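We name chains A, B, ... by the order of the sequence lines, and we start the count at 1 in each one. Keep in mind it's a predicted model, so treat the numbers as computed, not measured.
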Amino acid sequence: MWGIVRQNVGGASGLSSQVMRLRPVASAMRNYSSATKEMTVRDALNSALDEEMAADPNVFVMGEEVGEYQGAYKITKGLLDKYGPERVVDTPITEAGFAGIGVGSAYHGLRPVIEFMTFNFSMQAIDHVINSAAKSNYMSAGQINVPIVFRGPNGPAAGVGAQHSQCYGAWYGSVPGLKVLVPYSSEDARGLLKAAIRDPDPVVFLENELLYGESFPVSAEVLDSSFCLPIGKAKIEREGKDITITAFSKMVGYALKAAEILEKDGINAEVINLRSIRPLDRATINASVRKTNRLVTVEEGFPQHGIGAEICASVVEDSFGYLDAPVERVAGADVPTPYAANLERMAFPQIEDIVRAAKRACYRAVPMAATA
Amino acid sequence: MGLARAIQPLPLPPLADSRPKPTATASSLFLGSTRTLRPSNTFARTHTRTRSISSAQRRSAVAANVSDVKLKPATNLLLTKEEALEVYEDMILGRVFEDMCAQMYYRGKMFGFVHLYNGQEAVSSGFIKLLKKEDSVVSTYRDHVHALSKGVPARAVMSELFGKTTGCCRGQGGSMHMFSSEYNVLGGFAFIGEGIPVATGAAFTSKYKREVLKEADCDHVTLAFFGDGTANNGQFFECLNMAALWKLPIIFVVENNLWAIGMSHLRATSDPEIWKKGPAFGMPGVHVDGMDVLKVREVAQEAIGRARRGEGPTLVECETYRFRGHSLADPDELRDPGDEKARYAARDPITQFKKHLIESKLANEAELKAIEKKIEEVVEEAVEFADASPAPSRSQLLENVFADPRGFGIGPDGRYRCEDPKFTEGTAQV
C-alpha cells in the first residue's frame, strides 16, 4: 500500500492538520484523487536546486562528490549532466579551502551552494562560515554581501558514531549575520532552499539524513518554480490548546506522533515546526505559549546552550506571566554520541521522552531525571 | 649570537646552480594532468642572484645579500617616467601613512590592533600598481597599504582607523578589515590564511564569468597577499592545489619578512624556501628581492600576464622586512640576531628606488621632493578629516548585519518580504 497514514486531528482546521508519513513510499510522486503529489525530501531538494540553477546562471554547486558521484546522499543527482562541470564542481577534500572559495566568489556576486558532506565537516571550515561569510556585510558596512548557502545533513543519523552525529543548530544559530534554516517536510525543503538561494545573505541550511528518503504530500503551489517560504517564520503543524511543543527537523515528526499519543490521554498538543533557527520566530512561539500556558522544546542537540535554552529564555522574557509550569527541555544526552544501538537510542529524544515531558508539564506525571 | 646559532635548524642548502629553479615543473611529471606548463624562461634569466652564504651570514636568520647583481638601469625596460613617479608616490604614501598611524596610535586616536607595513612598500607598489580597478586584492591584517595602493583614498582609510563613520567601512571594520567594493579590496582578514581561499574564490569568479556567464573579456586577476607564517597553514596548501587544478587567475604573493610576530621563519618551517612549494602543486614558484620595487614589478608583470592569459596561478615569494614590530603593541625584542635590522634598513626600498631614479635620470631631486611634500599634505589632510568626522551614531550599531533589512528573505516576487505590506508576523501558511 501507500504506507501513508492520513490523520485529521480532532478540532484542527484544514491546512494545519498535518499528514504524517510513517514509511517512505516506493515511488516519490503519485497522483491521488485529491490531486496532491507525494515527494521525498531528497527530490524536493534536488528539484529546488535544479530550478534555481536553471533560473539564475550565477548559482553553482560546489562540494565533495556533488558531481560525478551524483551527491554523497544523491541530493545533487542529475545536475552535473544538466549543467556541466563548471557549475557542479567536485572538489578535493578541502573544506576550509572550498568554503572560502565559495565566500570569495559570493563577494563578487555569484551565488554558490556549498555542500558539506555532513555539517560535522563544516568545523574544518567554520572560520569561513562565520568570519568571512557571516561577518562580512557588517565589517564592510554593507559594501560586500555574501549570497551563499552552506547546506548538508546535520545531526545524528543511524549508528554513525560520535564524530558524525553532532547537531550544529545552536552553534550557527548564535552568530549574527547568518540565517539558519531547518526544514522538515518536502514543502519546507523546497521552499526554504529556494528562499535561501535567492537570499542576499549567508544561509546555513541544516538538513537531516534520515529525512531524505521520507515522502510528504506536496500541493501544486509547492511544485511551482517560484514557490519560496519566508525565512524566520515558524509553522504550526498541529493546533492545540493544552501545551505547546516546539521542534525542528526530524523531531517535528516525533513531536507529531507524541501529540497523537497525548491526545489519547486528553492532552491537546500544539506542535510548532520552527523552520528557522535564526531568525527565531519568537512571535509565533510566544503567541502559542500565551494560548496554551505550557511549553516543551525538543531538539536532538546537546542540552547546554541549545535551541531549547534560547526558546525558554525568550518565553520567560516575554510571556512569563502566562506560564503555568516550568518549561521542559527535551534534548540529546550530554554525551558524545555512542555507537551501540541501544545506547544511541538513549542518547537522543524518542517519542516516549516527548510524551513524558509533556505530561510533566501538565502535572500528570512525577518529575523524573533523565532515563538511566 | 648563541641564540642565533641555536635557532638555525639546518644549514641552508648551498645552491650548486646559483639560479633558482622557479619552473622545475618544466621537467617534472604532471601525474594525471593533461596540461603542460609552458616553461617561462624569463624568470630564470632575470633573477640571477649569487647566493654566497658564508657561515657568518648563515648564523643570522636571513639569506645573504640577494641583490648583488644589479639589474641594468631599466629606463627602457620597465618604467616610463610617469610610471616611475606613480610608483614612487605610492611607496611614499605607504610609508608616510604608516608613520602617521604610529603617531596617532600613541596619541590615542587609533586603538586596538594596528599592524604597520613599513619596509614592505616595494611589494605593494610593485604588484598593485599593475592592476586594473576590476582586479581584486585580498590581504591580511597588515592591509592599510594594500588598500591605499589599490586606490582607496587616504582619508577613507584614516577615518576607518579612527573609527569614524566616514571611514571606508563606516568605522565598523577597523584596521584589520579594510573592504572596498569600489576598488575591489576584499579584506582585511584577521586570521592568517583566511584571505587565501577568499582570494581563490574571487579568481574562481573571474573564470566562471568567462566560461559560464560568457563574459568573454573577463580577465580579472586576484592577488592574495600573506606572510611567511601563513605559508605553513593548511588553507594555503588547499588553495595552491585548487588554484593550480582549475587554473585560476590568481597570484599568491608571500611577503616573507622572516618573522611571524616573534617566531622566526627558520624555526617554524621545515623547508624555508617558500617558492619551492609552487612547483610541488604544479605552478611556477618565484623568489624575488622584495626590497627592490623594480624587480618585484618585473616578476609581477610576468605573473599577472600569465594569469590574464588563462595560464593559471603563480607563487611569488618576496623577501622583504618589516622595520617595525608585528603590531604597535609588540615590543619587538626577539628580532635582532646579528645586525639584521640594520642591514635591511640599509636596503630600504624607498631609498633604493630614489637613488635609482636619480641615477638613471628618470627624475630629479626637485620632482621627488615635490612628491614627498604632496604626500605629506595628503596624509595630514587625511588626519584632519578623520579628526573632524563624527563617530558613528547609535543607530548604526544594528545596521548592516544583513543585506536583507529584516532577515525574512526574498519573496517569490523577488522583493524583500518585509517590504510586502501583506507580510505579517505569525504562523506561516503555505
Side-chain angles (χ1 to χ4, degrees), chain A residues 15 57-58 60 86-87 91-92 94 96-110 127-128 131-132 136-145 147 176-177 179 187 191 195-196 198-201 219 221-222 226-236 275 279 281 283-284 287, chain B residues 136 138 167-174 177 179-182 186-191 193-194 196-206 208-209 211-213 222 234-235 238-239 241-242 245 399-404 406-414 417 423 425-430:
Chain A
L15 271 170
N58 286 319
F60 70 95
E86 295 97 5
R87 293 185 70 191
T91 62
T94 46
F98 67 74
I101 288 182
V103 173
S105 65
Y107 277 15
H108 273 303
L110 296 188
D127 174 34
H128 283 290
N131 275 326
S132 48
S136 283
N137 197 61
Y138 193 81
M139 288 198 295
S140 69
Q143 293 176 75
I144 297 180
N145 68 314
K179 297 179 185 172
E187 167 195 322
R198 295 179 195 190
D199 197 85
D201 292 308
S219 65
E221 186 187 351
V222 174
S226 64
F227 171 69
C228 59
L229 287 173
I231 294 177
K233 300 243 289 192
K235 178 178 183 185
I236 299 201
R275 279 183 172 174
D281 193 350
T284 301
Chain B
S136 307
V138 179
C168 58
C169 298
R170 298 174 77 201
Q172 289 174 202
H177 305 296
F179 288 87
S180 168
S181 59
E182 185 186 348
L186 302 181
F189 291 101
F191 284 44
E194 188 179 351
I196 303 176
V198 173
T200 314
F204 181 90
T205 305
S206 176
Y208 190 93
K209 282 187 176 163
E211 292 182 357
V212 178
L213 300 178
T222 308
Q235 294 179 77
E238 292 184 7
C239 290
N241 179 37
M242 286 192 274
L245 182 65
E399 287 174 15
N400 296 131
V401 178
F402 287 136
D404 151 28
R406 297 276 304 286
F408 292 110
I410 311 264
D413 57 358
R417 265 186 211 270
F423 180 79
E425 302 271 344
T427 68
Q429 306 287 339
V430 170

*Part of B:D413 within contact of chain A (heavy atom distance under 4.5 Å)*: neither

_Most contacts with chain A, counted as non-hydrogen pairs under 4.5 angstrom, among B:H177, B:R170, B:E194_ = B:E194

*With a 4.5 Å cut-off on heavy-atom pairs, point out which of A:D199, A:L110, A:I144 contacts chain B the most.*
A:L110

*asked:* Using 30° and 60° as the class boundaries, would you call the ring planes of A:Y107 and B:F179 parallel, tilted or perpendicular?
replied: perpendicular

*asked:* Is any side-chain heavy atom of B:E238 closer than 4.5 Å to one of A:P92?
replied: no

*A:E86 side-chain N/O to B:V212 backbone N/O, donor-acceptor pair under 3.5 Å*: no

*Name the member of B:S206, B:C239, B:S180 that forms the most heavy-atom pairs with chain A at distances under 4.5 Å.*
B:S180

*Given a strict heavy-atom distance threshold of 4.5 Å, which part of B:L213 is in contact with chain A: side chain, backbone, both, or neither?*
side chain

*asked:* Taking side chain as everything from C-beta outward and backbone as N, CA, C, O, which of these in B:R417 sits under 4.5 Å from a heavy atom of chain A? Side chain, backbone, both or neither.
replied: side chain

_On a heavy-atom basis, which atom in B:F191 and which in A:D127 lie closest, and how many Å separate them?_
CD2-OD1, 3.4 Å

*Quick one: of B:G173, B:G167, B:A403, who has the most non-hydrogen atom pairs under 4.5 Å with chain A?*
B:A403

*Check ring-ring contact (aromatic ring centres under 6.0 Å, His included) between B:F402 and all other residues, then give those that pass, not counting sequence neighbours.*
none

_Listed partners of A:H108 passing side-chain contact (heavy atoms from CB on, under 4.5 Å), at least two apart_ = B:S136, B:N184, B:L186, B:A202, B:T205

*Kindly say whether A:N137 contributes a backbone atom to a donor-acceptor pair with the side chain of B:N400 at under 3.5 angstrom?*
no

*Counting only N and O atoms by type, is there a donor-acceptor contact under 3.5 Å from the side chain of B:Q172 to the main-chain atoms of A:M139?*
no

*Locate the shortest heavy-atom distance separating A:C228 from B:P412; write the atom from each residue and the value.*
SG-N, 3.7 Å

*Output the option from B:G188, B:G171, B:G193, B:C169 having the highest count of non-hydrogen pairs under 4.5 Å with chain A.*
B:C169

*Contact part of A:A96 toward chain B, heavy-atom cut-off under 4.5 Å: side chain, backbone, both or neither?*
both

*Taking A:D201 for its side chain and B:G407 for its backbone only, find out whether a donor-acceptor pair lies under 3.5 Å.*
no

_Side-chain (B:E399) to main-chain (A:Y138) donor-acceptor, under 3.5 angstrom_ = no

